[in-house]
Amino acid sequence: QVQLVESGGGLVQPGGSRRLSCTASGSIFRLNTMGWYRQIPGKERELVALATSGGSTHYADSVKGRFTISTDNAKNTVYLQMKSLKPEDTAVYYCNVNLFLYYGSANSAYWGQGTQVTVSS
């Protein structure tokens, strides 16, 4: 089985920075995509940033130029560097990983437990 462990959430002042980390462990053949989503109570979970195995990255318009996603494939880890944080970035951030468990397997999707990021003075 695959587990995702997130870290890095917390309280940060407006304009500040924070880095989230998510590490996948278990029997993994190959990673497909690694990304971050966020959710505010009462709203749907939304994509924040995504990194593909081919090296492409995608960002929500609301975070472009402020957030950067990066991966360390040797460590099965994805990072989200967040800068110039705004109160509206406050949310629970979830790591999402799509991967192949073994050669020829279908894609499997996994979610982290979520980490709270609160932007407030």
Side-chain angles (χ1 to χ4, degrees):
Q1 193 56 275
V2 174
Q3 289 187 324
L4 303 184
V5 178
E6 301 178 22
S7 62
L11 176 65
V12 60
Q13 292 189 339
S17 299
R18 200 81 177 181
R19 190 177 82 156
L20 305 181
S21 301
C22 172
T23 298
S25 62
S27 180
I28 300 170
F29 173 67
R30 184 167 64 86
L31 296 171
N32 189 1
T33 66
M34 303 184 83
W36 291 93
Y37 289 70
R38 66 187 181 187
Q39 189 168 24
I40 300 169
K43 293 194 174 182
E44 291 187 358
R45 193 171 295 186
E46 64 173 4
L47 175 67
V48 176
L50 183 74
T52 72
S53 59
S56 299
T57 56
H58 306 275
Y59 296 93
D61 288 343
S62 59
V63 306
K64 282 181 180 177
R66 300 188 298 121
F67 290 12
T68 302
I69 189 170
S70 61
T71 62
D72 184 336
N73 291 336
K75 297 181 179 179
N76 291 337
T77 298
V78 59
Y79 304 96
L80 185 68
Q81 178 67 52
M82 305 182 291
K83 297 181 179 179
S84 301
L85 282 161
K86 306 174 182 180
E88 50 263 43
D89 294 317
T90 296
V92 177
Y93 284 72
Y94 294 92
C95 171
N96 170 260
V97 175
N98 286 273
L99 54 84
F100 302 100
L101 292 172
Y102 52 86
Y103 178 79
S105 70
N107 178 77
S108 297
Y110 295 89
W111 290 92
Q113 78 279 10
T115 186
Q116 176 71 46
V117 174
T118 301
V119 184
S120 175
S121 56

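Index from 1, following the sequence.
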Who passes side-chain contact (heavy atoms from CB on, under 4.5 Å) against [X], sequence neighbours left out?
X      : value
Phe100 : Phe29, Arg30, Asn32, Ser105, Asn107
Ser27  : none
Ser56  : Thr52, His58

task = Would you mind listing every salt bridge (Lys or Arg N to Asp or Glu O under 4.0 Å) that reaches into residues 99-121, with sequence neighbours excluded?
result = none

ask   = Can you list every pair that meets salt bridge (Lys or Arg N to Asp or Glu O under 4.0 Å) and has a residue in residues 5-21, with sequence neighbours left out?
value = none

Treat each ILVMFWY residue as a node, draw an edge where side-chain heavy atoms are under 4.5 Å apart, and state whether [X] and [Y] are in one component.
X      : Y      : answer
Phe67  : Ile69  : yes
Leu47  : Tyr94  : yes
Val97  : Tyr103 : no
Val12  : Trp36  : yes
Val119 : Val48  : yes

Min side-chain heavy-atom separation [X]-[Y] under 4.5 Å:
X      : Y      : result
Tyr110 : Leu99  : yes
Thr57  : Leu50  : no
Ile28  : Leu101 : no

Which atom names give the shortest non-hydrogen contact between [X] and [Y], and what distance separates them?
X     : Y      : result
Gly9  : Val117 : CA-CG2, 4.1 Å
Asn98 : Ala109 : OD1-CB, 3.4 Å
Val2  : Ala24  : CG1-CB, 4.5 Å

query = Can you tell me if Tyr59 uses its side chain to pair, donor with acceptor, with the backbone of Arg66 under 3.5 Å?
reply = no

key: Any donor-acceptor N/O pair, Ser121 side chain to Gln13 backbone, under 3.5 Å   = no

task = With sequence neighbours excluded, tell me which residues meet side chain to side chain donor-acceptor pair (under 3.5 Å) with Gln116.
result = Thr118

inquiry  = For Thr71, give me all partners under side chain to side chain donor-acceptor pair (under 3.5 Å), at least two apart in sequence or on another chain.
reply    = none

Pairs of donor and acceptor atoms involving the side chains of residues 37-44, under 3.5 Å and at least two apart or interchain, shall be tabulated with distances.
residue : atom : partner : partner atom : Å
Arg38   : NE   : Glu46   : OE2          : 2.7
Arg38   : NH1  : Asp89   : OD1          : 3.0
Arg38   : NH1  : Tyr93   : OH           : 2.9
Arg38   : NH2  : Glu46   : OE2          : 3.4
Arg38   : NH2  : Ser62   : OG           : 3.3
Gln39   : OE1  : Arg45   : NE           : 3.3
Gln39   : OE1  : Arg45   : NH2          : 3.4
Gln39   : NE2  : Lys43   : O            : 3.1

Got a sec, which pairs hit disulfide bond (SG atoms under 2.5 Å apart) with one end in [range], sequence neighbours left out?
range           : result
residues 21-121 : Cys22-Cys95
residues 32-71  : none
residues 32-71  : none

Less than 3.5 Å apart, which donor and acceptor atoms pair up between the side chains of residues 74-88 and the rest of the protein, not counting sequence neighbours?
residue : atom : partner : partner atom : Å
Thr77   : OG1  : Thr23   : OG1          : 2.9
Thr77   : OG1  : Lys75   : O            : 2.9

